[in-house]
Amino acid sequence: MSVQAYPVTGPVAEHGEGPVWCARWGGLRWVDMLAGDVLALDDSGGVRRRHVGPVAAALRPRVSGGYVVAGERELLLAGSDDLDAPLRPLGQAWSDPGVRMNDGGCDPEGRFYIGSMPYDETPGAGSLYVAGPDGALSPVITGVTVSNGLDFSPDGGLAYYADTATGRVDVLDHDPAGGLTGRRPFVTIDPAQGAPDGLTVDAEGGVWVALWQGFAVHRYTPGGRLDAVVELPVGKVTAVTFGGPGLDRLFVTTSRLGVDAREQPEAGALFAAVPGVRGRPVLPTTL
């Protein structure tokens, strides 16, 4: 099945990433990652922007109210849902300036996971971490190059994860007490179709994967079969999430890093599609 996407905004981001729909926020937020900005879409289609530091890698709502932002090397907590709420840093997670935070997400128990990647993409120099109650990070997966999408199956028993450099989306077992185990390949993507970036899981267990340099988003069934393609007019497709009041719209972020605007004038825009399946409410963090 082929699905057409349409632009929601102009090319507002240099490197759009990490879209999150939260009704408590009033809708969609995402990041302009390397500008260090959090973006918010208003009802009229306008975009508000809030600068948080050198990098804004990912964000999620907090169970207690407010939200968490992953910065360059630290987590930042906002105590209210206001986009411009003061941020409280939890301290540098590591000292190496050559490694920054990247994509992240939450498990059904509210634990916040955040990946890292080296700026120069040195193979194996990144990790996937989980934050403890005090925000301290513990490694879950090491030897990662570009830690990317993470989301969970509707029943919470599986997690899907992409290290972009592998060209794979992997699946892991998830246990509320034991965490993530048993990493194994879920799908391998032909390099000619792009590389796996951010991902989300719909209410039926389908896995939607943004394809960097792929001009598309792919949906895979729980059995790993490709059954839907969302086509986009830009190559650097970065991340996806479901949103809208009925969670029936698929929002897609894109990047214009290194892109010729004459060839892809909509690179960096936020897109949406109506894929005929619903998503699930965002999993918040207990931080």
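Source: prediction; values computed, not measured.
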Considering all heavy atoms, the nearest [X]-[Y] contact:
{"X": "S255", "Y": "H15", "value": "OG-ND1, 2.9 Å"}
{"X": "F242", "Y": "W21", "value": "O-CB, 3.4 Å"}
{"X": "A78", "Y": "A85", "value": "CB-CB, 4.1 Å"}
{"X": "L180", "Y": "A159", "value": "CD2-CB, 3.7 Å"}
{"X": "D163", "Y": "S147", "value": "OD1-N, 4.5 Å"}
{"X": "A58", "Y": "G104", "value": "CB-N, 3.8 Å"}

*Before giving the answer on salt bridge (charged side-chain N to carboxylate O under 4.0 Å, His left out), spell out for R48 and D42 the whole-Å C-alpha distance, their side-chain angles and the decisive distance to 0.1 Å.*
CA-CA 7 Å; R48 295 175 58 209; D42 65 29; over 6 Å; no
*Please lay out, stage by stage, how S80 and Y67 fare under the test side-chain hydrogen bond (donor to acceptor under 3.5 Å, both in side chains).*
CA-CA 7 Å; S80 82; Y67 58 97; over 6 Å; no
Do [X] and [Y] share a hydrophobic cluster, counting only Ile, Leu, Val, Met, Phe, Trp and Tyr and linking them when any side-chain heavy atoms are less than 4.5 Å apart?
{"X": "V229", "Y": "V3", "result": "no"}
{"X": "V217", "Y": "V209", "result": "no"}
{"X": "L211", "Y": "V207", "result": "yes"}
{"X": "V274", "Y": "M1", "result": "no"}
{"X": "V240", "Y": "W30", "result": "no"}

Find the distance between [atom1] ([X]) and [atom2] ([Y]) and round it off to the nearest 0.5 Å.
{"X": "L247", "Y": "R278", "atom1": "CG", "atom2": "CZ", "result": "7.5 Å"}
{"X": "L87", "Y": "E74", "atom1": "CG", "atom2": "CD", "result": "9.5 Å"}
{"X": "M101", "Y": "S116", "atom1": "CE", "atom2": "OG", "result": "8.5 Å"}
{"X": "I141", "Y": "L128", "atom1": "CD1", "atom2": "CG", "result": "5.0 Å"}
{"X": "D170", "Y": "L158", "atom1": "CG", "atom2": "CG", "result": "12.5 Å"}
{"X": "L287", "Y": "L90", "atom1": "CG", "atom2": "CG", "result": "7.0 Å"}

Would you indicate whether the side-chain heavy atoms of [Y] and [X] approach each other to under 4.5 Å?
{"X": "V68", "Y": "F112", "result": "yes"}
{"X": "V259", "Y": "V234", "result": "no"}
{"X": "Y161", "Y": "V144", "result": "yes"}
{"X": "L34", "Y": "E14", "result": "no"}
{"X": "L59", "Y": "R29", "result": "yes"}
{"X": "L28", "Y": "T241", "result": "yes"}
{"X": "V187", "Y": "H218", "result": "no"}
{"X": "V99", "Y": "R73", "result": "no"}

Under 3.5 Å, is there a donor-acceptor pair between the side chain of [X] and the main chain of [Y]?
{"X": "T253", "Y": "P19", "value": "no"}
{"X": "T254", "Y": "V237", "value": "no"}
{"X": "R256", "Y": "A13", "value": "yes"}
{"X": "H51", "Y": "V38", "value": "no"}

*Trace of the side-chain contact (heavy atoms from CB on, under 4.5 Å) decision for V12 with L270*: CA-CA 8 Å; V12 295; L270 174 73; 5.6 Å; no
*Is it true that the NZ or CZ of R168 lies under 6.0 Å from the centre of F186's six-membered ring and within 45 degrees of the ring axis?*
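Here R168 fails the 6.0 Å and 45° test against F186.
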*Are R100 and Y119 in a cation-pi contact, defined as NZ or CZ under 6.0 Å from the six-membered ring centre and within 45° of the axis?*
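Output yes; distance and angle both within limits.
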*Could you go step by step and tell me if S2 and E231 meet the side-chain hydrogen bond (donor to acceptor under 3.5 Å, both in side chains) rule?*
CA-CA 7 Å; S2 178; E231 300 174 350; 3.2 Å; yes
*Check P61, P281, P284 against C22 for a side-chain contact (heavy atoms from CB on, under 4.5 Å) and give me the one that passes.*
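With C22 as partner, P61, P281, P284 yield a single side-chain contact (heavy atoms from CB on, under 4.5 Å), made by P61.
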*Which of these, D103, V146, T122, sits in a side-chain contact (heavy atoms from CB on, under 4.5 Å) with M117?*
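So the option named by the test is V146.
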*Report yes if the distance between the aromatic ring centroids of Y129 and W94 is under 6.0 Å, otherwise no.*
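Ring centres of W94 and Y129 closer than 6.0 Å.
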_T142 vs S127, test: side-chain hydrogen bond (donor to acceptor under 3.5 Å, both in side chains). Steps then yes/no._
CA-CA 4 Å; T142 58; S127 298; 5.5 Å; no
*So H174 and E109, side-chain contact (heavy atoms from CB on, under 4.5 Å) or not? Walk me through it.*
CA-CA 11 Å; H174 171 251; E109 291 70 50; 2.9 Å; yes
_D173 vs R183, test: salt bridge (charged side-chain N to carboxylate O under 4.0 Å, His left out). Steps then yes/no._
CA-CA 7 Å; D173 298 310; R183 181 183 178 189; over 6 Å; no
*Which residues share a side-chain hydrogen bond (donor to acceptor under 3.5 Å, both in side chains) with D151, sequence neighbours left out*: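 With sequence neighbours excluded, D151 shows a side-chain hydrogen bond (donor to acceptor under 3.5 Å, both in side chains) to T200, R280, given in chain and number order.
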_Please determine whether side-chain hydrogen bond (donor to acceptor under 3.5 Å, both in side chains) holds for the pair D155 and S153, giving the CA-CA distance in whole Å, both sets of side-chain angles, and the decisive distance to 0.1 Å._
CA-CA 5 Å; D155 67 2; S153 60; 2.7 Å; yes
*asked:* Looking at R50 and D37, is any side-chain nitrogen of the basic one under 4.0 Å from a carboxylate oxygen of the acidic one?
replied: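 A salt bridge is absent here (no side-chain N lies under 4.0 Å from a carboxylate O).
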*Can you label the angle between the Y113 ring and the F152 ring as parallel, tilted or perpendicular, going by 30° and 60°?*
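Rings of Y113 and F152: tilted, as their planes differ by 30° to 60°.
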*Take atom CZ of R88 as the centre, draw a 6.0 Å sphere, and report whether it contains more than 12 heavy atoms from other residues, nucleotides or ligands.*
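No.
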*Can you find a side-chain donor-acceptor pair between T221 and D227 that sits under 3.5 Å?*
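The answer is no; no qualifying pair exists.
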*Begin with the C-alpha distance, continue with both residues' side-chain angles, and end with the deciding distance and a verdict on side-chain contact (heavy atoms from CB on, under 4.5 Å) for R62 and L77.*
CA-CA 9 Å; R62 299 171 65 198; L77 297 185; 3.9 Å; yes
*Run the salt bridge (charged side-chain N to carboxylate O under 4.0 Å, His left out) check on K236 and D197 step by step: do they pass?*
CA-CA 9 Å; K236 292 184 173 179; D197 203 315; over 6 Å; no
_Candidate pair L137 and V130, rule side-chain contact (heavy atoms from CB on, under 4.5 Å), full reasoning_ = CA-CA 5 Å; L137 300 185; V130 65; over 6 Å; no
